[in-house]
Amino acid sequence: VRLLLVGLGALGQGLLAHLDGLGPRLRDAYGLRARIVAALDTSGAVVRPEGVEPAVLLKAKRSREGLASLQPWYRPGRRALEIIHTVDADAVVEVTPTNILDGEPAMSHIRGALKARRHVVTANKGPIALAMPFLVSLAEEQGVMLRFSGTVGGGTPMLDFARQSLRGDRVVSIAGILNGTTNYILTKMFEGLGFDAALAEAQRLGYAEANPDYDVKGIDAGVKLAILANWAAGATLRVTDVSTRGIEGVSRADVDRARAAGQVIKLVCRYDGGKARVAPEALPLAHPLNVPGPLNAVTYTTEQLGDLTLVGKGAGGRETSAALLRDLIDIHLRTR
Ligand SMILES: NC(=O)c1ccc[n+]([C@@H]2O[C@H](COP(=O)([O-])OP(=O)(O)OC[C@H]3O[C@@H](n4cnc5c(N)ncnc54)[C@H](OP(=O)(O)O)[C@@H]3O)[C@@H](O)[C@H]2O)c1
């Protein structure tokens with residue numbers, strides 16, 4: 001599989017590390033030989049049709065000079081769309097930062113790649129939350145595949161599980177903890193910290209951004225709930241249809257009161273078959289969604305099986321890039 005990698009941050013580098021470390025296993029188990037024919041960051045592109053070894057790319061990206069150290073393959077200032085249109089590749093991996101206002105630049109990268117009949121793998125929530133039906137049908141029209149299992153749940157296969165492991169059944173409602181940062185903050189508050197101290201610790205550990213609004217106000221959770229409900233339960237939600245309340249109003253007193261009643265406050269995402277909402281809720285301590293720290297969890301209520309809960313790491317470069325790898329293997333197995 002000839003790969004074109006757009007974005008070399010935590011996820012792009014995580015994928016390179018997997019391809020480097022798992023090469024023989026991918027070859028023996030799946031017959032997958034990944035050849036990276038181009039890779040881009042904001043500085044430009046590295047292009048080599050014969051392939052650049054993942055370890056070589058990783059070392060260059062982590063060096064002081066960055067991709068510029070990869071002469072003569074480095075092309076400064078080149079943009080992703082141009083490379084997508086001019087370099088022969090089978091699949092494009094899109095892992096640039098998420099933008100939930102218009103999805104850019106990922107929206108153009110993904111649309112351009114599908115139009116050029118490249119398979120696309122992404123963990124970028126923006127384009128998928130804003131335009132899943134359009135992008136899925138564009139992929140179908142073009143005879144290629146679009147995979148985005150890392151957009152919700154990080155490496156935990158929440159989307160794949162609903163579609164592939166529940167065939168013949170139907171997801172009627174969803175409840176989940178879909179944002180690891182807020183779950184970490186609430187866990188620390190349950191252990192006795194105030195909101196500000198818990199947020200500062202989340203930032204120190206790299207769970208929360210310097211500007212934590214996107215997580216704390218429940219926006220990230222709402223975006224993920226829209227993707228999950230649309231994909232797993234056939235909903236047609238726009239991001240703006242999700243009623244969203246974050247944890248900024250949750251005080252230590254609220255947490256202590258809940259604890260005294262044998263409960264814990266969680267930022268819960270719910271889709272009931274009609275409405276979707278994100279809001280803090282008090283849950284019994286023994287509730288399956290009472291998962292600690294930065295973990296994510298989802299409970300699917302299905303017609304045949306009742307409740308099924310999946311728990312796992314919801315973010316992290318290594319974990320989420322395992323979802324990119326899973327998607328690539330899936331595309332490879334379906335097309336070989
Ligand atoms: N990290 C996670 O745990 C996680 C989990 C789930 C989903 N995601 C999603 O996955 C995506 C990637 O996440 P990340 O953590 O890897 O982000 P990141 O560390 O911020 O890396 C983003 C990468 O994209 C590059 N980039 C930005 N604009 C570009 C452009 N126009 N053309 C080419 N490259 C561009 C950046 O280049 P420079 O290196 O030059 O800055 C950087 O290498 C995001 O959409 C994120 O929301 C991440």
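Both counts, for ligands and for their atoms, begin at 1 and track the order of listing. Hydrogens, waters and symmetry mates play no part in the numbers below; they use all other heavy atoms, side chains included. Everything numeric here is computed off the predicted structure, so don't read it as measured data. Position 1 is the first residue of the sequence; numbering continues from there.
- Checking side-chain atoms of H85 against main-chain N and O of L81 turns up a donor-acceptor pair under 3.5 Å.
- Side-chain atoms of T86 and E82 form no donor-acceptor pair, as typed in the model, at a separation below 3.5 Å.
- Around CZ of R79, the count of heavy atoms belonging to other residues, nucleotides or ligands within 6.0 Å does not exceed 12.
- Taking distance alone, with nitrogen or oxygen atoms compared against 3.5 Å, L11 approaches ligand 1 more closely than that limit.
- Nearest protein heavy-atom neighbour of atom 43 (O) of ligand 1: L8 N, 2.9 Å.
- Regarding atom 9 (C) of ligand 1, its nearest protein heavy-atom neighbour is A123 O, 3.2 Å.
- When each atom of ligand 1 is checked for a heavy atom of K125 under 4.0 Å away, the hits are 47 (O).
- Set against the non-hydrogen atoms of N124, the atoms of ligand 1 under 4.0 Å away are 45 (O).
- In summary, the atoms of ligand 1 found under 4.0 Å from a heavy atom of A315, numbered by their order in the structure, are 3 (O).
- The ligand atoms of ligand 1 that sit less than 4.0 angstrom from a heavy atom of G150 are 6 (C), 7 (C).
- In terms of polar-atom proximity, defined here as any N/O pair under 3.5 Å, A10 does make such a contact with ligand 1.
- Short contacts between ligand 1 and T96, defined as distances under 4.0 Å to a heavy atom of the residue, involve ligand atoms 11 (C), 12 (C), 24 (O), 26 (N), 29 (C), 34 (N), 35 (C), 44 (C), 45 (O).
- Using modelled atom types, one side-chain atom of E94 and one backbone atom of T96 make a donor-acceptor pair closer than 3.5 Å.
- Ring-plane geometry between Y184 and Y207 is classed as tilted, the angle between the planes lying from 30 to 60 degrees on a 0 to 90 degree scale.
- Given atom 5 (C) of ligand 1, the protein heavy atom at minimum distance is T320 OG1, 3.4 Å.
- Counting only non-hydrogen atoms, the option in P294, G7, A39 that gets closest to atom 24 (O) of ligand 1 is G7.
- Residue contacts with ligand 1: K61 is placed with a nitrogen or oxygen under 3.5 Å of a nitrogen or oxygen of the ligand (distance criterion only).
- Note on D330 versus R326: no salt bridge recorded, every NZ/NE/NH1/NH2 to OD/OE distance being 4.0 Å or above.
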Check against side-chain hydrogen bond (donor to acceptor under 3.5 Å, both in side chains), S149 and D327
CA-CA 7 Å; S149 81; D327 287 345; 3.1 Å; yes
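- Of all the atoms in ligand 1, the ones that sit under 4.0 Å from a non-hydrogen atom of T42 are 26 (N), 27 (C), 28 (N), 29 (C), 34 (N), 35 (C), 37 (O), 38 (P), 40 (O), 41 (O).
- Considering backbone and side-chain atoms together, G12 places no N or O closer than 3.5 Å to any N or O of ligand 1.
- Closest approach of I265 to A258, counting heavy atoms only: CG1-CB, 3.9 Å.
- Across all non-hydrogen atoms, the minimal contact from A60 to S69 is CB-OG, 3.5 Å.
- The protein heavy-atom contact nearest to atom 21 (O) of ligand 1 is G9 CA, 3.2 Å.
- The shortest contact between atom 46 (C) of ligand 1 and any protein heavy atom is with T98 OG1, 3.7 Å.
- For atom 32 (N) of ligand 1, the closest non-hydrogen atom of the protein is H109 CE1, 4.0 Å.
- For atom 33 (C) of ligand 1, the nearest protein heavy atom (residue, atom name, distance) is D41 O, 3.6 Å.
- Atoms of ligand 1 lying under 4.0 Å from at least one heavy atom of P105, given by number and element, are 31 (N).
- Taking 4.5 Å as the limit, some side-chain heavy atom of M158 sits within range of a side-chain heavy atom of L178.
- Atoms of ligand 1 found under 4.0 Å from any heavy atom of G316 (numbered from 1 in listed order, with element): 2 (C), 3 (O).
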